[in-house]
Trainee: 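Let me begin by handing over the structure; questions about it come next.
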Number of protein chains: 2
Amino acid sequence: MLASEVKEMNEEVPQAAETTTEAVEQDLPPRRVMANKLRADILNGELPPGSPLPSQRELAEKYGVARNTAAEAVKILESEGLIESRNRARPKVRERRRLLRLGAERYSNRLRNETGLSPFRAEVEKQGKTARVNCTSIERVPAPEEIAERLDLPADDDTVVRRENWYFADDEPVQVGITYIPWAIAEGTVLADSPNMGKGSLYGRFEDRGHRITWIREEIGSRMPTPEETKGLAIPAGVPVIDVIHTGIDQDEKPFEVTTFTMRADLNGLDYRIRIED
Amino acid sequence: MLASEVKEMNEEVPQAAETTTEAVEQDLPPRRVMANKLRADILNGELPPGSPLPSQRELAEKYGVARNTAAEAVKILESEGLIESRNRARPKVRERRRLLRLGAERYSNRLRNETGLSPFRAEVEKQGKTARVNCTSIERVPAPEEIAERLDLPADDDTVVRRENWYFADDEPVQVGITYIPWAIAEGTVLADSPNMGKGSLYGRFEDRGHRITWIREEIGSRMPTPEETKGLAIPAGVPVIDVIHTGIDQDEKPFEVTTFTMRADLNGLDYRIRIED
DNA sequence: TAGTGGTCTAGACCACCAT
DNA sequence: TGGTGGTCTAGACCACTAT
């Protein structure tokens, strides 16, 4: 049997999504046809979340292709984030996970002082999960360029404290945050050397130094994870990360802290309520 | 030559990224080793953006593997978003694209009235690009559940106007927005049937009906695109989409409009400046 | 221990891109 | 038109999962 070569996805552009399920299998190569069929089965509930896919050998026979080809079909669905293959076990339809919805209120001064909880902890516990934060390193380093810019550091003194934090929900790693603090602010405080921030957490200490969080800027992007992130956050195939560059700005419009977050997109989301200024 | 089987990425969990470039090629399967080497070459500038990769046949020979295996190595990089293969041409190292940074100011009432520009148009032109928005459909439909919730619609009247808009920058499709407007608000206005919104754009018309945008809620997530989105937005492999559910809320705390955006993550980002309430 | 997914090989045909 | 990427086949070995 010969390989029937095809045009693939080279059509024009716009127009809405079609979810017709059938009639999609025109001239597509076998693995696409197979992927389409499986995808349809998943979306219409034939293969509910958690259920295992047919084995590659079964699929291969059913469609009259080599097992190799069946494996490729499965890989397509994996790259779309629809299924999950742990190690060498039978791939399963991915369960819909509940998201952590991180909002700006988590920086609220009042909330912080009332609950004493860190922003992350407050959010996770609201979801009935157990939060854990691991501070894995505290270093004094020159600020990376994109950090120095946002902190508005003088060119002749770009020393910052770099604090790396790993965030867990129910012992599953969900995000990493790297906080950069100008040396001038951190010097001589727990910010510079202790993982333990004390009452009111990080922002409590900034307040001690005269910086009350008044504005935040959050720059958000998304991309596929690097191999290191894949490993570190145990990110399944087909799941992107959300990048946030967070800048804390005080009552005098001065930035005093930048934190970059990298979060698994299947476990995290953002939720802002913003007042529109006239 | 035999396939040397390996543990792959099954190590433990946390710890920071290592970017050592070398010594990564312990016991990894060939395609991983090849992918690692190519990735390193890309990241260290040996293979600058825009430059073509070696051919699969060259790679296969160089590493003493079947061409098939070389192809798989290349696919790994593609799925990481590092390279781009247009059709059957030689894959190239992906160029860093400049992002559109969409912020909340784009809803500013003052800005809108001064420039007369729609939020998207204002942002794109700020970047020196040409904006185009295509309204591809206007329909009267029952609201999907997640929309009805956010619009706080009564159960017995969930009719909304659904407006689908495609957004282009320099003739490249960059996002799709689907706006839902309660029928009670849209009825008898251009909102219900005309692609042309007139002066002050969409939000101008809402103001005519007594709804002044005062708050917005933006719920943000990210995921891999569906095949339809891949086609419609011409999304390259290895590029996720950013999902935004935007809710417009008026001076009386009433939601009057929900728009879902789906944007290419390599061309779009979000940038919020938010006042922290006490 | 049987069966599964992960991976590799060697050879092949095709449509397309660049020359 | 030659070389490239895209795709498929048929057979193979392995480590691991599930039973």
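Protein chains get the first letters and strands the later ones, always in sequence-line order, with residue 1 at the start of each.
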Trainee: Name the closest nucleotide to the B:Glu72 side chain, picking from C:dC8, C:dG5, D:dT17.
Mentor: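 Selected nucleotide (nearest to the side chain): C:dC8.
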Trainee: Suppose we screen for side chain to side chain donor-acceptor pair (under 3.5 Å). Which residues come up paired with A:Arg264, at least two apart in sequence or across chains?
Mentor: A:Asp266
Trainee: Hey, what's the ring geometry for A:Phe120 with A:Tyr167, parallel, tilted or perpendicular (30° and 60° as the breaks)?
Mentor: perpendicular
Trainee: Write out all pairs satisfying side chain to side chain donor-acceptor pair (under 3.5 Å) with one or both partners inside residues 45-56 of chain A, taking only residues at least two apart or from two chains.
Mentor: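 Of all non-adjacent pairs touching residues 45-56 of chain A, those that pass side chain to side chain donor-acceptor pair (under 3.5 Å) are A:Gln56-A:Arg67.
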Trainee: Just compare D:dA15, C:dC8, D:dT9 and give me whichever is closest to any side-chain atom of A:Arg88.
Mentor: D:dA15
Trainee: On the nucleotide D:dT7, are OP1 or OP2 found under 4.0 Å from the side-chain N or O atoms that A:Thr69 carries?
Mentor: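 For D:dT7, OP1/OP2 do not have a side-chain N/O of A:Thr69 under 4.0 Å.
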Trainee: Between C:dG5 atom C1' and A:Arg67 atom CZ, what is the distance in whole Å?
Mentor: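 That distance rounds to 6 Å.
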Trainee: Check the distance between C:dT4's C1' and A:Leu59's CG and give it to me in whole angstrom.
Mentor: 12 Å
Trainee: Is a donor-acceptor contact shorter than 3.5 angstrom present between the side chain of B:Arg57 and the base of D:dG3?
Mentor: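 In this structure, the two groups form no donor-acceptor pair.
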Trainee: Output the rounded distance in Å from OH (A:Tyr63) to P (D:dT9).
Mentor: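 Atom OH in A:Tyr63 sits about 14 Å away from atom P in D:dT9.
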Trainee: So which of A:Lys129, A:Glu123, A:Glu125 actually passes side-chain hydrogen bond (donor to acceptor under 3.5 Å, both in side chains) with A:Gln127?
Mentor: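 It is A:Glu123; the other options fail the test.
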Trainee: Considering every strand and a 4.0 Å limit on heavy-atom distances, what is the contact class for A:Val65: base, sugar-phosphate, or nothing?
Mentor: sugar-phosphate
Trainee: Using only heavy-atom distances, decide whether a donor-acceptor pair under 3.5 angstrom links the side-chain of B:Arg31 to the base of C:dG6.
Mentor: no
Trainee: Starting the side chain at C-beta, find the nucleotide from D:dA10, D:dT7, D:dG6 nearest to A:Arg32.
Mentor: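 Shortest atom-to-atom distance from the side chain points to D:dT7.
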Trainee: What does the inter-axis angle of the helix from C:dT1-D:dA18 to C:dA18-D:dT1 come out as, five pairs per end, nearest 10 degrees?
Mentor: 10°
Trainee: Let's see if you can work this out: which of C:dG5, D:dC8, D:dT17 has an atom nearest to the side-chain heavy atoms of A:Gln56?
Mentor: C:dG5
Trainee: Just jot down the side-chain contact (heavy atoms from CB on, under 4.5 Å) partners of B:Glu145, sequence neighbours excluded, or say none.
Mentor: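 B:Glu145 satisfies side-chain contact (heavy atoms from CB on, under 4.5 Å) with B:Glu149 only.
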Trainee: Among the candidates D:dG5, D:dT9, C:dC8, find the nucleotide nearest to the side-chain atoms of B:Ser55.
Mentor: D:dG5
Trainee: Is a donor-acceptor contact shorter than 3.5 angstrom present between the side chain of B:Arg90 and the base of D:dG3?
Mentor: no
Trainee: Who pairs with B:Lys62 by salt bridge (charged side-chain N to carboxylate O under 4.0 Å, His left out), at least two apart in sequence or on another chain?
Mentor: none
Trainee: Tell me the interatomic distance from B:Ile76, atom CD1, to D:dG5, atom P, rounded to whole angstroms.
Mentor: 16 Å
Trainee: Do the side chain of A:Ser222 and the main chain of A:Ile242 share a donor and acceptor less than 3.5 angstrom apart?
Mentor: no
Trainee: What is the distance, to the nearest angstrom, from the CG atom on B:Asn68 to the P atom on D:dT4?
Mentor: 16 Å
Trainee: Of the nucleotides D:dT17, C:dG6, D:dT9, which has the atom closest to the A:Ala89 side chain?
Mentor: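 Selected nucleotide (nearest to the side chain): D:dT17.
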Trainee: What's the CD-P distance between A:Glu61 and C:dG5, to the nearest Å?
Mentor: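 Going from A:Glu61 (CD) to C:dG5 (P), I get 14 Å.
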Trainee: Go through the structure and list residues passing side-chain contact (heavy atoms from CB on, under 4.5 Å) with B:Glu72, not counting sequence neighbours.
Mentor: A:Lys75, B:Arg31
Trainee: Hey, is the side chain of B:Arg86 poking within less than 4.0 Å of OP1 or OP2 on C:dA18, counting only N and O atoms?
Mentor: yes
Trainee: Between P on C:dT4 and NZ on A:Lys92, what's the gap in Å once rounded to a whole number?
Mentor: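 Roughly 13 Å, once rounded to whole Å.
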